[in-house]
Asks: 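Pasting in a structure now, in C-alpha cells, and then I'll have a few things to ask.
Since the model is a prediction, treat every value here as computed from it, not as a measurement. Whatever order the structure lists them in is the order used to number ligands and atoms, beginning at 1.
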Amino acid sequence: MSAEKVTVSVIKADVGSVVGHSRPHPSMMEAAKDILTDAQKQGVIEDFYVTRVGDDINLFMTHYKGENNKDVHGAAWECFQKAAKLAKSMKLYAAGQDILTDAFSGNVKGAGPGSAEMSFEERGSEPLMFFIADKTEPSAYSMPLSRIFLDPFTTTGLVVDARAKKGFDIEIQDVMDNKKVVMSAPEETWSILSLLGDTSRYAIKRINSRAGIGPAAVVSTDKLNLTAGKYIGKDDPVCICRAQSGLPSVGEYLQPFMNNTMMVAGWMRGSHYGAFYPCSPEESDPVYFDGPPRICCLGFQLNDGKLQGLEPINTKGGDHIPVDFFKGNTWDLARMNAIKASRFMRSQGPFMPSILGPEEMEYTSRPEVLRELTSRFIDLNDEKAEKCNLDKDVE
Ligand code: F6R
Ligand code: MG
Ligand code: MG
C-alpha cells in the first residue's frame, strides 16, 4: 500500500497595502496567522507559514486533504477576507483588490487569489523551495524553469544524475484559451521553447519527474485579468519546487537567478517589462517605479507534513524561520544587473519594448484616442480620399 500523500499549497492575494501598492500592514499578516493557527488546531491543515512579497500576502500550507480542498481553500479565503476588512478599516490602498466575489464557492479558483498546489509521497528527506514574486505574471517562471529543467549548462544533474537524466514531463498552459498540453524533455526541448517563448500566452504549470519521483515544480497560473473579465491586477505568481535526489539540487534551482538577468512583464501599471530582482521578503518593497519585479525564495524541509526551518523543532502556530535564499550580499551583483537592465528599459519611456504589446497592457488610453480620431483617419487604400487629401495640402 502506498503512503498517504501530503499536499503543499500556496494561496496568495493582494488585499490592500500601506502607501500605494507597497506592503500589507503587519496586522493583516497577524490576522492571517491567527486564522491559520485555528485551522491547524481544527486539523484542516498540518502546518503553515505566512509571508509576503511586496503587496502580496502568501500563505504556505501543508495538509493531507489533497488539492482544491474546500476546507483548506476556505481557510485561505477567510484570511484574505479578514485582511481586506482590516485594510478597509485603515483606508489602505486597493483594499480588497483581489477578492472578486462575495460568495466563496468552495475553491479560490476564479475568485481572485492565486494558488499553486502539489501532492506527493514525502521522501525520506524532502527539501522544498517556495519562489514568490510581485509585479509580474505566471510566465515569468518559464525562463528560469526552462534553464533549470532543460539546460544541462545550468543543471549538471541533467547529465550526471541517472534519475534526473530520465527527463521531465512539462505541462504547458495556454492561459488565454484555458488549454494545456504535456510535453517531454529533453526529447521535445526545442518545441517546448517554441511555445514558451510567447510569454503572453504560454506558461509552465507543472513539471513531473520521469523517474517516478512525482511533481518537481508547480506554478500558480491564474490569470487574474482574464478571470475578472478585465485587468484587475497582476497575477504576482508563486512556484513551489521539490529539490535534490533525482530532482534539480537547491543550488541548481537558484543558479539562473545569478547568471541571467531575466526580463519579465508586469512592472508599473502591469504594463512594463523589468528585470527580475532577487531579494529577501524583508527587502521586497517596490521602491523603484513601483518595482522592479521582485522574486524571493524561501526554503523548508518537510517533516511528516510539518514545515521545518531554522526554528527549534516542533515549533507551533506558523512561527517558522525559513532559509531565505536571496538574502545577503552574494546576490548584490545579480541585483545590480537587474537594476541596470530595468533602468535601460525605463530609458525607453512609453515606447515598446519598455511597455507591453497592446493586448497585454493593463492600462491603455488607446481605444479612447482612436475613437476621437475616427473621422480624421483616412484609408490609404482609398485613392480618391488620398488625392483629396493631397489636393488639400496643395491648397
Ligand atoms: C500594483 C502596481 C502598480 C499600479 C500603479 C497604478 O500592483 O503594480 O504599479 O499599477 O501604482 O495604480 P493605480 O491605478 O491604483 O493608481
Ligand atoms: Mg497591488
Ligand atoms: Mg502585487
Asks: What are the atoms of ligand 1, with element, lying closer than 4.0 Å to any heavy atom of Asp290?
Replies: 3 (C), 4 (C), 5 (C), 9 (O), 11 (O)
Asks: Please work out whether the ring planes of Phe168 and Phe149 are parallel, tilted or perpendicular, with thresholds of 30° and 60°.
Replies: perpendicular
Asks: Applying salt bridge (Lys or Arg N to Asp or Glu O under 4.0 Å), can you list everything that pairs with Asp161, at least two apart in sequence or on another chain?
Replies: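 For Asp161 there are no salt bridge (Lys or Arg N to Asp or Glu O under 4.0 Å) partners, ignoring immediate neighbours.
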Asks: Could you identify the N, O or S atom of Asp134 positioned closest to the Mg ion (ligand 3)?
Replies: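 Result for Asp134 and the Mg ion (ligand 3): OD1.
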Asks: Show which side-chain atoms of residues 29-39 pair as donor or acceptor with protein atoms under 3.5 Å away, not counting sequence neighbours.
Replies:
unit_1 : atom_1 : unit_2 : atom_2 : d
Lys33  : NZ     : Asp319 : OD1    : 2.8
Thr37  : OG1    : Lys33  : O      : 2.7

Asks: Examine Glu362 against ligand 1 and note whether any of their N/O atoms are separated by less than 3.5 Å.
Replies: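 In fact, backbone or side chain, Glu362 has no N or O that close.
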Asks: Check Asp55 and report its N/O/S atom nearest to the Mg ion (ligand 3), by atom name.
Replies: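 Sorting the N, O and S atoms of Asp55 by distance to the Mg ion (ligand 3) puts OD1 first.
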Asks: For Met90, is the CE atom crowded, meaning more than 12 foreign heavy atoms sit under 6.0 Å from it?
Replies: yes
Asks: For the pair His320 and Phe300, name the ring-plane relationship: parallel under 30°, tilted 30 to 60°, perpendicular over 60°.
Replies: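 If you compare the ring of His320 with that of Phe300, the planes turn out perpendicular.
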Asks: For Asp55, counting its heavy atoms only, list the atoms of ligand 1 lying under 4.0 Å from any of them.
Replies: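 This gives 7 (O) as the contact atoms.
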Asks: From the N, O or S atoms in His21, identify the one nearest to the Mg ion (ligand 2).
Replies: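 Looking at His21, the N, O or S atom with the least distance to the Mg ion (ligand 2) is ND1.
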Asks: Pairs of nitrogen or oxygen atoms closer than 3.5 Å, one from Asp14 and one from ligand 1: do any exist?
Replies: no
Asks: Are Trp267 and ligand 1 in contact, using a heavy-atom cut-off of under 4.0 Å?
Replies: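 The answer is no: ligand 1 sits nowhere under 4.0 Å from a heavy atom of Trp267.
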Asks: Has Arg294 got its NZ or CZ under 6.0 Å from the middle of the six-membered ring of Phe276, at an angle within 45 degrees of the ring axis?
Replies: no
Asks: So which of the N, O or S atoms of Asp56 lies nearest the Mg ion (ligand 3)?
Replies: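 Going by distance to the Mg ion (ligand 3), the closest N, O or S atom in Asp56 is OD2.
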Asks: In this structure, would Ile45 and Leu128 fall into the same cluster of hydrophobic residues linked by side-chain contacts under 4.5 Å?
Replies: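 Ile45 does not cluster with Leu128.
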Asks: Tell me the closest heavy-atom pair linking Gln308 and Glu311, and the distance in Å.
Replies: NE2-O, 3.2 Å
Asks: Examine Asp14 and say whether one of its N/O/S atoms is closer to the Mg ion (ligand 2) than 2.8 Å.
Replies: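 Within the cut-off used here (under 2.8 Å), Asp14 does place an N, O or S atom near the Mg ion (ligand 2).
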Asks: Short list, please: which atoms of ligand 1 are under 4.0 Å from a heavy atom of Tyr93?
Replies: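 With Tyr93 as reference, the close atoms of ligand 1 come out as 13 (P), 15 (O), 16 (O).
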Asks: Are there more than 12 heavy atoms of other residues, nucleotides or ligands under 6.0 Å from atom CG of Leu373?
Replies: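 Atom CG in Leu373 is crowded, with more than 12 foreign heavy atoms closer than 6.0 Å.
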Asks: So does Asp236 have any N/O/S atom less than 2.8 Å away from the Mg ion (ligand 2)?
Replies: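 Looking at Asp236, which is the residue asked about, there is no N, O or S atom under 2.8 Å from the Mg ion (ligand 2).
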Asks: Going by the order shown, which atoms of ligand 1 are within less than 4.0 Å of some heavy atom of Met268?
Replies: 9 (O)
